[in-house]
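First up is the structure itself, then whatever we jot down about it.
Keep in mind it's a predicted model, so treat the numbers as computed, not measured.
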Amino acid sequence: MAGAYQPSHDVVGVILAAGRGSRMHSNKPKPLHLAAGKELIRYPVDLMAEWGMQRIVVVTSPDHAEAIGDLLGDNVEIAMQPEPDGTAGALATALDQLGEIPQTVVVMAGDTPLVRATSLRTLIDEHTAVAGRRMTILSAPDVFADDLGRIERASVTSDGRVGAVSAIVEAPDRTRPVHGPAEVNTGVYCFAGDWVAHRIKQVTPSPSGELYLTALVAMASDAGEDVAALPIAYADEALGVNDRIQLATVEAVLRDHLNRRWMENGVTIIDPATTYIDAEVTIGNDTVLLPNTMLRGQTAIGQECEIGPNSVVQDTHLGDRCSIVASFLEGAKIENDVTIGPFSHLRPDSVIETGVHLGNYVEVKASRVGSETAAGHFCYLGDANVGRGVNIGAGTVTCNYDGTDKHTTNIGAGAFIGSDTMLIAPVSVGEDAATGAGAVVTKDIPRGRLAVGVPAKLVPHRD
C-alpha cells in the first residue's frame, strides 16, 4: 500500500484472537464485530500490513477459524489454539506455526482497534534499537482501567528516573483493591524472537488458571534481562473491547478521530456529533456534510459535494459536485453534477450519469439513468436503461416483475414519459418518443412516436 513502512529487521506479527468473547453475548465471533464499519480484527491486521510485515499470524479458536479466515483471506495465516488456556498459550501456538523463529515478534490483541500506526512504529524502532532487549511493552500511563493489567516498576532511582519494569499484575490476580490511575498494559508487545520462543515454554498457570503472556515480564526481570515499557502518547489506545459497552466506547473514539481527520483534510462537517463516517470511506475536499448524515462501508465521495441532512450513503461512489438531500443510497455509482432528493432511494447496481436530477420519492433499482435525464418526483425505475435527456413524469413506474421473473425497460434518448405512465416490461420506448399521461405501455413505441391510452396505442402520424 502507499506509504507503507519498509522494515529493516526480520519482523513478523502475531494477533491474538482466540478468546471466547462470552461477554459480548453474541453468536458472532468478537473479532468480527464492527467498529466504525470495520471488523475489529482488521484493525491490527491492516496496521501490521501497513508497517510492512511479510508474515502475519492470527491465532483463533477452532470454532471461529473458518469465519475469520474467510474474512482475511490470503493476507494472514490462521493458527488454531486448541484450548483457550491464555495469551501465552496463544503465542506458543503461533510460534509453532511459524517454524523458523524471526528476529523480532510483534504481538497485538485482536480487539484493540485504537492503536495508532505511529505508536506501533515507535515501539518496534525502540525495541530493535537496543542491543539485548528481550521485551518491550506499549503502556498507557495514568489510566483508570480496573480490567487491564497494571505495570509494576522498581522504586524510583536516586536521580529521579522511573524504575525498571518488574511485573504486570492482571486484574483477576490482584490481592488487594486498587484506586486511582495507573500505568497499564495495552496488549501490544515486541519480543526478541529466540528469547520468547524459549521463555514461553516456561510460563506456568496464574492463580486464575491462565497462562499469561505478561508473566514473561517478571521472568525477565528476575533473571536480570532487559524488559521495558514504552508509554504511549494517547491513553485511548489502551481501550479494548470485551463487551457491547466497550464496543460503543471504542466506536465513539474512532468516529471522533475520523471526523477530525476529514475536517483536517478539507471536508466541512456542520455537526460532528450527528455525522457518522466509517473507517474505509473516502471524501474529496470542499465537500460539506450536513447533520444526521451517515457515510458507510466502501463509500467514496468526490469533491465539492453536499450530503444531507438526514442522508445515508452506503457502498456508493459519487463524483464531484453532487447534492444528496434526505435520501438513502446503497451500492450505486453516481457521476458528476447529480442532484438527488429529498426522500429518494437508490438501490444496488444503479448507475446515475452526469447531470441527472432525481427529485423527491424517486426509487432506482439496478438501472442506468442517462446524463441530463430528470425524474422530478414519485417514480420507480427498476431494471431500466434510460437514455440521455429523458423527461420522466410524476408517477411513472417500470413494471419489471411479472410475478416470476424480472424484465427490462429501455427508454431512448430524448424521450418524454408522461405522468402516471406504466411501462410493462419487457418493453422499449424509442428515441424522442413520448407517452401520454396515464398510458399503460405494453408494446414497443418506435422512435419519435406518441402512444396514449390503456393499453397504449400509437397516435397516427399527422399529414
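- Minimum heavy-atom separation, H257 to D236: NE2-OD2, 3.5 Å.
- Two residues are said to be in side-chain contact when any heavy atoms from C-beta on lie closer than 4.5 Å; V106 and V11 meet this criterion.
- The line from CD1 of I352 to OG1 of T339 is 11.0 Å long, rounded to the nearest 0.5 Å.
- Between the S311 side chain and the T293 main chain, no donor and acceptor come within less than 3.5 Å of each other.
- Rounded to the nearest 0.5 angstrom, L295 CG and T316 OG1 are separated by 10.0 Å.
- Between the side chain of N391 and the main chain of F416, no donor-acceptor pair closer than 3.5 Å is present.
- By the neighbour-count criterion of 12 heavy atoms within 6.0 Å, atom CZ of R260 is sparsely surrounded, having that number or fewer from other residues, nucleotides or ligands.
- Across every non-hydrogen atom of C379 and G393, the tightest pair is CB-O, 4.4 Å.
- Here the closest heavy-atom approach between residue P141 and residue I232 is recorded as CD-O, 4.0 Å.
- In this structure, CG on D383 lies 3.5 Å from NZ on K365, to the nearest 0.5 angstrom.
- Here D320 pairs with nothing under the side chain to side chain donor-acceptor pair (under 3.5 Å) rule; sequence neighbours left out.
- For the pair I392 and V369, the minimum side-chain heavy-atom distance is 4.5 Å or more.
- In this structure a side-chain-to-backbone donor-acceptor pair under 3.5 Å is missing from E353 to G370.
- The closest side-chain heavy-atom distance from L138 to S119 is below 4.5 Å.
- S26 and H33 share a donor-acceptor pair across their side chains, judged by distance under 3.5 Å alone.
- Annotation: ring pair (Phe, Tyr, Trp, His ring centres under 6.0 Å) contacts involving residues 301-358, sequence neighbours excluded, comprise F328-H345, F343-Y361.
- The two residues V362 and F378 have their closest heavy-atom pair at CG2-N, 4.3 Å.
- Within 6.0 Å of atom NZ in K333, 12 or fewer heavy atoms from other residues, nucleotides or ligands are found, so the atom counts as exposed in its surroundings.
- In this structure the side chain of I68 reaches within 4.5 angstrom of the side chain of L32, judged on heavy atoms.
- The side chain to side chain donor-acceptor pair (under 3.5 Å) pairs that include a residue from residues 296-307 are E280-Q298, R296-Q314, where partners are two or more places apart or lie in different chains.
- Applying side-chain contact (heavy atoms from CB on, under 4.5 Å) to I340 and the options V325, V313, I334 leaves one that passes, I334.
- Side chains of D111 and M24 form no contact here, defined as non-hydrogen atoms less than 4.5 Å apart.
- A donor-acceptor contact shorter than 3.5 Å links the side chain of S344 to the backbone of G359.
- Looking only at distances, no side-chain donor or acceptor of T421 sits under 3.5 Å from a matching main-chain atom of T435.
- In this structure, the side chain of D271 does not engage the main chain of P291 through any donor-acceptor pair within 3.5 Å.
- Taking OG1 of T282 as the start and CD1 of I301 as the end, the distance is 7.5 Å to the nearest 0.5 Å.
- Using a 4.5 Å cut-off on side-chain heavy atoms (C-beta onward), L91 and F191 make contact.
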Which pairs of donor and acceptor atoms, one on a side chain in residues 407-415, lie under 3.5 Å apart (sequence neighbours left out)?
residue, atom, partner, partner atom, Å
H407, NE2, D402, OD2, 2.8
N410, OD1, N385, ND2, 3.0

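- Contact of the R42 side chain with the L72 side chain is registered, since non-hydrogen atoms from C-beta on lie closer than 4.5 Å.
- Within 6.0 Å of CZ in R20 there are 12 or fewer heavy atoms belonging to other residues, nucleotides or ligands.
- Taking CG from L423 and CG from L381, the interatomic distance works out to 9.0 Å, rounded to the nearest 0.5 Å.
- For the pair L318/T287, no side-chain contact is recorded, criterion being any heavy-atom separation below 4.5 Å from C-beta on.
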Salt bridge (charged side-chain N to carboxylate O under 4.0 Å, His left out) for D278 and R255? Distances and angles first, verdict last. CA-CA 7 Å; D278 278 355; R255 294 204 181 280; 3.2 Å; yes

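- Take P272 and apply the side-chain contact (heavy atoms from CB on, under 4.5 Å) test, not counting sequence neighbours, and it matches N259, M263, I269.
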Please table the atom pairs, donor to acceptor, closer than 3.5 Å between any side-chain atom in residues 78-88 and protein atoms at least two apart or in another chain.
residue, atom, partner, partner atom, Å
Q81, NE2, E83, O, 3.3
Q81, NE2, D85, OD1, 2.7
Q81, NE2, G86, O, 3.2
T87, OG1, L213, N, 2.8

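- Judged purely by atom type and a 3.5 angstrom limit, T268 has no side-chain atom pairing as donor or acceptor with the backbone of V288.
- Salt-bridge check for D286 with R321: failed, with every basic side-chain N at 4.0 Å or more from each acidic carboxylate O.
- Open room surrounds NZ on K443; 12 or fewer heavy atoms of other groups in view lie less than 6.0 Å from it.
- Looking at S367, its side chain never comes within 3.5 Å of a backbone N or O of V364 through a donor-acceptor pair.
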